[in-house]
Structure formats: C-alpha cells, structure tokens
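All values below come from the heavy atoms of this structure, side chains included, with hydrogens, waters and symmetry mates left out.
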Amino acid sequence: MSEPAIIFPADPLNPRRPDPHFAWEARMLRELGGGHHLVDHDALLAGRAEEAVRRVPRDSGPLWYRGWMLPSARYADFAAALTARGGNLLTSAPGYAAAHELPGWYGVFEGATPASAWIPSDGPVAPGPQELAQAASRLGGHGPAIVKDYVKSRKHEWHEACYVPELADLTAVGRVVERFVELQGEFLAGGVVLRRYEEFEGAHTDAGSDAGSGPDGADSTGGPGGTDGAGGRAVEARVWWLDGRPVLVGPHPDAPRQAVEPDLTDIRALVRRLGCRFVTTDLASRADGSGWRVVEVGDGQVSDLPRGIDASGLLAALIAA
Ligand SMILES: Nc1ncnc2c1ncn2[C@@H]1O[C@H](COP(=O)(O)OP(=O)(O)OP(=O)(O)O)[C@@H](O)[C@H]1O
Ligand SMILES: [Mg+2]
C-alpha cells in the first residue's frame, strides 16, 4: 500500500508551486521523503472541485489535505472530486464537518468545554430576539459569554463583535450578535453560537484590542496585559492528534513563542470518542487553577501551524498513517 501524499493549495500566482503560506510545510515534507500535490483553492471555494483537483494525478491513493479552511459543503465536493480520480482523502466529508464545526464536536466534549448554545442560520442573517433569548436561557440566562459562528469568532473585534458582558442584557447580546453577523457576512459558517465565558489564564476581558489588529494572529507581539502576546486572550496550547495520539503539542499560532504544557489525561479519551483521525484541540487552563479546558476542536488539515514550530514529527506521522 502506498504512503499518503499531502495536498496543499497552489500559489495563485504560480500554480505549480505551493501557496507561500504552506511552502515551508511542503519543503519539510519533501525532506522527509513525502510527496505532495496541489489544489486550486479559489476553484474549490467557487464550487468547481473537478477543475480544482486537475493537477492531482489519477489513482493517487491515500491523501491528506493541509490548507485553508473550507466550508464543509466545499470539502465534500473536494473529497468527491478526488474519489472520482481514484484518490482517497483520509478524512471523510462527515469527519471533516464533525471536527470543523462546533455542533459536530460539542456533544463529545460537553463538560470539558464552555457550555454552548447555537442557532442555525440560512445565510448571513442575525437571529431574532426570541431565538437569542432562548439560546441565552439554555446557557443559564446570565453571566458573560462570547459569540462566534460554527467555526470562527471575531476575536479581533472583541468588544464590538465577540464578548458579551452579561447574557441577561438581551439588547446588548443582540447588538454584539448583529455586528458579528454583519462582519462575517457571506463567510458566516453554519449559524451563531453563544458560549459561556470562562476565565482562562492570561486572559483579561478589557484588553482584546478592537483596533489595529490584522487577521489571524496578527497581534502576537504582546498584549496590553503583558502576559504573553495573546492580546488579552487566553494562553492556549494547540494539540495535534492523529489516530487518537498527540503527535505535536505546541502553542496556539496567535502566540507562537509561548511555552505550553497541557495535561492531556482527560482529553485523550474524548478525542478518541470523536473518532476523527486527524484533529486539533486548543486548550486553555482555567485562571482558578482547576485544570485545562477545550476552547475548540478543529480539523487538523485546516488548523494553522505556528511559525517556527518543528512540524517534522507531525508530517512524518501523517505520511506513515
Ligand atoms: N468560552 C470562552 N471563554 C473565554 N474565552 C473564550 C471563550 N471562547 C473563546 N474565548 C477566547 O476567544 C478566542 C477566540 O475564540 P475561538 O478560539 O473559539 O475562535 P476562533 O476565531 O476560532 O479562533 P482560532 O481559530 O484563531 O483559534 C479564544 O482564543 C479565547 O481566548
Ligand atoms: Mg481558537
């Protein structure tokens, strides 16, 4: 049986090369003796999966993907287009959705992750006051919370579109949710999620700077609280799991130089129960010292790797899987 190859997004400006964001992973993979193929990410997103995979050779056998996030429906098209060419993405479309979207993994991680309630939506439309009130009451109806969609938050617009100081203030909840939905626009994934806010080590609610921060991780040079560079948010560990084993434990890409040593004792069984082969868990430790919590779960194929991390063990495990 052949070793899995890894598919990376192609550089839009030079389709024969990996996208610059993933070039170092492709290089490391080559040094390990692994093979890669390229996919046209824009074509995938546009729903033209067959065209997107035309550079993947026929009958390429087992395949992993390492690339940009895809909506679950686009991932399903991607998997089907590869199957039609005799390839086999090792994470199935249902497996991807289960790890990538909060409602897919929440049932397994309930109790180990902040309590959450979600409101499915059909496109970028904010839920009405009644739906919000019901979701808030499912979380106990009072106390602080955060807003996100099934996949992402607007953590860089913390006060405006992420943090809710008091769930009982439904007007304020509605305002934050509306702004969140407006900013997500067509990228809103699945629906709106409310999660009970928990105090994590390194976090302070007043400091998630709403101004001047770029996309993912751009504020990693030192938060106002001076804790570690997570910009007022929790210090997180990102654990990479393959077949239920932690193959890489490192910092979250938002604070790539942070040293982290999470306790994985309780998390391991949950990851195994989820049953997805390649996933990440972002873990934060509670400010009161009562242990590690799962902030979110992700599909390992689309989780960002922190710059400078030694990913050779992870990549070697992927091509040996
Ligand atoms: N329930 C919570 N309690 C306290 N802080 C939270 C909670 N949920 C999220 N946060 C904070 O907000 C940040 C963003 O949340 P989350 O990780 O869920 O969204 P994201 O946009 O998917 O982030 P990324 O994909 O970059 O990890 C977290 O890193 C954490 O610091
Ligand atoms: Mg996160």
Under a 4.5 Å side-chain heavy-atom rule over Ile, Leu, Val, Met, Phe, Trp and Tyr, are [X] and [Y] clustered together?
| X | Y | value |
| --- | --- | --- |
| L274 | W64 | yes |
| F22 | V39 | yes |
| V193 | W158 | no |
| L170 | V125 | no |
| V294 | L248 | yes |

Quick one: does any side-chain atom of [X] pair with a main-chain N or O of [Y] as donor and acceptor, under 3.5 Å?
| X | Y | value |
| --- | --- | --- |
| S137 | Q134 | yes |
| R268 | P246 | no |
| R196 | H142 | yes |
| D11 | D19 | no |
| T113 | F109 | no |
| R195 | L139 | no |

> After noting the C-alpha distance and the side-chain angles of M69 and D299, does the key distance pass the side chain to side chain contact (heavy atoms under 4.5 Å, CB included) rule?
Replying inline: CA-CA 9 Å; M69 286 184 180; D299 181 276; over 6 Å; no
Please determine if [X] and [Y] form a salt bridge, counting it only when a charged side-chain N lies under 4.0 Å from a carboxylate O.
| X | Y | result |
| --- | --- | --- |
| R48 | D42 | no |
| E50 | R85 | no |
| E182 | R179 | yes |

So how far is it from [X] [atom1] to [Y] [atom2], rounded to the nearest 0.5 Å?
| X | Y | atom1 | atom2 | answer |
| --- | --- | --- | --- | --- |
| D169 | T171 | CG | OG1 | 5.5 Å |
| R55 | I7 | CZ | CD1 | 13.5 Å |
| N88 | L82 | CG | CG | 9.0 Å |
| D310 | M28 | CG | CE | 5.5 Å |
| W292 | D263 | CH2 | CG | 9.0 Å |

>> Using 30° and 60° as the class boundaries, would you call the ring planes of Y197 and Y163 parallel, tilted or perpendicular?
In response: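 Y197 vs Y163 ring planes: perpendicular.
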> What do you reckon, are the aromatic ring centroids of F278 and W241 less than 6.0 Å apart?
Replying inline: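 Not under 6.0 Å, so no.
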>> Are H100 and W105 an aromatic pair, judged by ring center distance below 6.0 Å?
In response: no
>> Take a 6.0 Å sphere around CZ of R307 and say whether it holds more than 12 heavy atoms from other residues, nucleotides or ligands.
In response: yes
> Is it the case that more than 12 heavy atoms not belonging to R272 sit under 6.0 Å from its CZ atom?
Replying inline: yes
Between [X] and [Y], which heavy-atom pair has the shortest distance, and what is it?
| X | Y | value |
| --- | --- | --- |
| E51 | A43 | OE2-CB, 4.1 Å |
| E131 | I119 | OE2-CG2, 3.7 Å |
| P15 | A10 | O-CB, 3.6 Å |
| S92 | Y75 | O-CE2, 3.7 Å |
| D243 | A321 | OD2-CB, 4.5 Å |
| A284 | E236 | CB-CG, 4.1 Å |

For residues [X] and [Y], is any side-chain donor paired with an opposing acceptor at under 3.5 Å?
| X | Y | value |
| --- | --- | --- |
| S116 | R138 | no |
| Y96 | E101 | no |
| D304 | H252 | no |

> With a 4.5 Å limit on heavy-atom distance, are the side chains of I267 and L283 in contact?
Replying inline: yes
> Do C276 and T91 pass the side chain to side chain contact (heavy atoms under 4.5 Å, CB included) test, and can you show the C-alpha distance, the side-chain angles, and the key distance before you say yes or no?
Replying inline: CA-CA 7 Å; C276 301; T91 294; 5.9 Å; no
> So L90 and R277, side chain to side chain contact (heavy atoms under 4.5 Å, CB included) or not? Walk me through it.
Replying inline: CA-CA 8 Å; L90 293 171; R277 293 191 64 186; 4.0 Å; yes
>> Using side chain to side chain contact (heavy atoms under 4.5 Å, CB included), reason through V164 and V177 one step at a time and then give a plain yes or no.
In response: CA-CA 9 Å; V164 169; V177 167; 5.7 Å; no
>> My understanding is that only one of E198, E201, E199 makes a salt bridge (charged side-chain N to carboxylate O under 4.0 Å, His left out) with R286; could you say which?
In response: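 Output: one option passes, namely E198.
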